[in-house]
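Following: one structure in structure tokens, then a few remarks.
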Amino acid sequence: MSRPKNQNYKGHGLSKGKEREQRASIRFKTTLINTLMDVLRHRPGWVEVKDEGEWDFYWCDVSWLRENFDHTYMDEHVRISHFRNHYEVARSQGKGIFLFRRLKDIMDWRKGTAGKKLTSLEAPPARSAVNPSGSHDARSSDDQKDEIPVENYVAQRYIENPYLIGGRKFDLRVYVLVMSYLPLRAWLYRDGFARFSNTRFTLSSIDDQYVHLTNVAVQKTSPDYHAKKGCKWMLQRFRQYLASKHGPEAVETLFSDMDNIFVRSLQSVQKVIISDKHCFELYGYDILIDQNLKPWLLEVNASPSLTASSQEDYELKICLLEDTLHVVDMEARLTGREKRVGGFDLMWNDGPVSREEGAPDLSGMGNFVTNTHLGCVNDRNNQLRQLFHSLQSQKKASS
């Protein structure tokens with residue numbers, strides 16, 4: 001079933017037949033033991049492959065990608081869950097978040113960590129600064145410049161006026177699926193969630209992580225964290241809340257601004273990403289809203305968490321992953337002309353996608369409405385039923 005390119009290459013998914021020929025059995029592999037495994041194991045016609053067995057679909061971790069991608073031959077239909085340099089749009093990911101009141105505090109923090117020898121049990125300081133000229137005296141820099149590794153960090157201005165609900169800070173997690181960078185083809189998922197802090201917001205306690213960091217990994221360590229309820233709102237609830245407070249027009253403007261963030265961030269790395277037809281990427285965008293209803297991009301996650309923190313979160317991620325597999329379309333059921341598949345709406349297809357049928361008139365963009373429905377009703381079950389019934393009818397009519 002496989003043949004290596006040479007002695008250093010491994011082959012996967014090799015089989016006779018056409019590239020888009022429908023397949024009765026899909027061999028999948030993954031090392032992630034979470035919601036993803038539940039979805040893959042329950043997908044009809046999909047068979048799990050372990051160890052070194054041949055696979056057609058691999059939801060891989062980034063360590064496998066770094067070590068094996070360049071040495072692996074893949075047949076036309078094979079798909080993997082990352083682009084070769086997926087990290088280009090997610091460079092802000094680190095091993096920690098640190099809050100400082102002044103730029104000088106960053107220099108003092110860096111100065112304190114620069115001369116420290118790390119033991120095998122200590123993690124290196126995350127997002128630590130590349131030492132700027134004059135950050136500490138010349139003797140210290142000259143003496144240690146050969147010993148201190150150069151490190152990169154991301155510095156972001158803290159948004160002091162976040163939009164609050166119930167006096168608490170929150171950010172949004174939104175999912176974008178990229179199927180190609182050249183041309184750029186991106187889908188936006190209708191569902192997502194708002195992640196709330198467990199403590200009322202105040203600027204007087206900048207060191208309190210439970211006030212300022214909304215990450216579930218942080219909030220679940222709070223003494224009064226409720227494991228069953230969690231700290232999340234579904235995006236539909238969030239959108240309805242904003243519409244009741246500010247009106248639908250203001251909310252439409254906010255979500256349109258978020259659409260621009262998604263597209264522009266992907267376009268910013270479009271020319272440097274190694275676009276491979278075997279690859280797709282599910283990104284998790286973190287967005288902060290300020291009191292003026294302006295969205296701010298916090299970071300893009302190339303490997304968003306697929307582990308559920310509550311039953312509602314589990315159901316969301318099950319549907320998200322099922323619809324991701326529908327769009328990836330290992331079964332070769334789609335025509336390629338679809339603008340909606342389950343909870344995913346085609347947002348960009350080498351240009352903006354219109355909600356209206358037919359070719360949009362982009363001259364002036366006056367009445368153009370982008371094909372995005374973030375936070376809107378997600379009637380995915382009905383849509384999928386109608387979609388696959390229509391595709392089956394078309395297939396019968398053409399045979």
Side-chain angles (χ1 to χ4, degrees), residues 156-177 186-203 210-216 219 226 229-265 283-301 304 309-310 312-313 315-317 319-320 340 343-345 347-348 352-355 365 367-380:
Q156 295 174 300
R157 180 170 66 85
Y158 189 82
I159 306 302
E160 299 180 355
N161 62 333
Y163 193 97
L164 305 179
I165 297 180
R168 289 170 170 79
K169 181 182 176 181
F170 65 91
D171 69 0
L172 306 180
R173 167 54 60 87
V174 181
Y175 297 99
V176 174
L177 175 63
W187 299 73
L188 179 64
Y189 203 62
R190 296 189 173 201
D191 289 336
F193 47 83
R195 303 180 295 189
F196 287 83
S197 62
N198 220 35
T199 307
R200 294 179 69 87
F201 180 79
T202 175
L203 287 174
Y210 300 125
V211 172
H212 301 283
L213 305 182
T214 61
N215 311 55
V216 174
Q219 292 298 324
H226 196 298
K229 293 183 178 179
C231 293
K232 294 181 179 179
W233 270 13
M234 294 297 104
L235 273 184
Q236 286 89 342
R237 183 180 180 184
F238 171 71
R239 183 162 185 155
Q240 290 170 359
Y241 175 86
L242 288 185
S244 68
K245 296 276 288 185
H246 305 281
E249 186 174 335
V251 174
E252 196 66 44
T253 299
L254 166 63
F255 278 73
S256 177
D257 291 342
M258 290 168 58
D259 293 342
N260 287 332
I261 288 177
F262 306 140
V263 172
R264 299 296 178 250
S265 62
Y283 290 110
Y285 277 74
D286 293 342
I287 305 290
L288 180 72
I289 312 297
D290 69 18
Q291 292 176 354
N292 300 316
L293 294 185
K294 177 180 178 178
W296 297 82
L297 175 61
L298 295 179
E299 84 174 314
V300 184
N301 296 274
S309 59
S310 66
E312 189 174 36
D313 192 35
E315 293 171 0
L316 182 154
K317 288 174 178 173
C319 295
L320 167 70
R340 183 185 176 189
F344 276 110
D345 296 291
M347 171 175 58
W348 195 268
V353 179
S354 171
R355 291 184 189 180
M365 301 284 287
N367 298 318
F368 185 85
V369 180
T370 306
N371 184 47
T372 55
H373 303 267
L374 183 61
C376 297
V377 174
N378 186 6
D379 54 340
R380 58 179 295 275

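Keep in mind it's a predicted model, so treat the numbers as computed, not measured.
In this model, a donor atom of one side chain and an acceptor atom of the other lie less than 3.5 Å apart for Ser309 and Lys232. Inspection of the Ser265 and Tyr285 side chains reveals an N or O donor paired with an N or O acceptor under 3.5 Å.
Between Phe170 and Trp233, the distance from one ring center to the other does not fall under 6.0 angstrom.
Glu315 pairs by the salt bridge (Lys or Arg N to Asp or Glu O under 4.0 Å) definition with nothing, not counting sequence neighbours. With sequence neighbours excluded, no residue forms a salt bridge (Lys or Arg N to Asp or Glu O under 4.0 Å) with Asp259. Residues meeting the side-chain hydrogen bond (donor to acceptor under 3.5 Å, both in side chains) test with Asn260, sequence neighbours left out: none. For the side-chain hydrogen bond (donor to acceptor under 3.5 Å, both in side chains) test, no residue two or more places apart in sequence or in another chain qualifies with Ser197. With sequence neighbours excluded, no residue forms a side-chain hydrogen bond (donor to acceptor under 3.5 Å, both in side chains) with Arg157. Every residue meeting the side chain to side chain contact (heavy atoms under 4.5 Å, CB included) condition with Ile261, not counting sequence neighbours, appears here in chain and number order: Ile287, Pro295, Leu297. Every residue was checked against the salt bridge (Lys or Arg N to Asp or Glu O under 4.0 Å) condition with Arg168, not counting sequence neighbours, and none meets it. Under the salt bridge (Lys or Arg N to Asp or Glu O under 4.0 Å) criterion, Asp379 pairs with Arg340, sequence neighbours left out.
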Side-chain atoms of residues 188-196: list all donor-acceptor pairs with protein atoms under 3.5 Å, sequence neighbours left out, distances to 0.1 Å.
| unit_1 | atom_1 | unit_2 | atom_2 | d |
| --- | --- | --- | --- | --- |
| Tyr189 | OH | Cys319 | O | 3.4 |
| Tyr189 | OH | Leu320 | N | 3.4 |
| Tyr189 | OH | Asp323 | OD2 | 2.9 |
| Arg190 | NE | Asp345 | OD2 | 2.8 |
| Arg190 | NH1 | Val377 | O | 2.8 |
| Arg190 | NH2 | Asp345 | OD1 | 3.2 |
| Asp191 | OD1 | Gln236 | NE2 | 2.3 |
| Asp191 | OD2 | Asn378 | ND2 | 2.9 |
| Arg195 | NE | Asp171 | OD1 | 3.0 |
| Arg195 | NH2 | Asp171 | OD1 | 3.4 |
| Arg195 | NH2 | Asp171 | OD2 | 2.9 |
| Arg195 | NH2 | Asp286 | OD1 | 3.2 |
| Arg195 | NH2 | Asp286 | OD2 | 3.3 |

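A distance of 12.0 Å separates CG in Leu374 from OH in Tyr175, rounded to the nearest 0.5 Å.
Pairing each heavy atom of Met234 with each of Leu316, the nearest pair is SD-CD1, 3.3 Å.
At least one side-chain heavy atom of Asn371 sits less than 4.5 Å from a side-chain heavy atom of His373.
Applying the side-chain hydrogen bond (donor to acceptor under 3.5 Å, both in side chains) definition to pairs two or more places apart or across chains, those involving residues 248-258 are Arg239-Glu252. Every pair passing side-chain hydrogen bond (donor to acceptor under 3.5 Å, both in side chains) that includes a residue from residues 158-167 is listed here, sequence neighbours excluded: Tyr158-Lys169, Tyr158-His212, Tyr163-His246.
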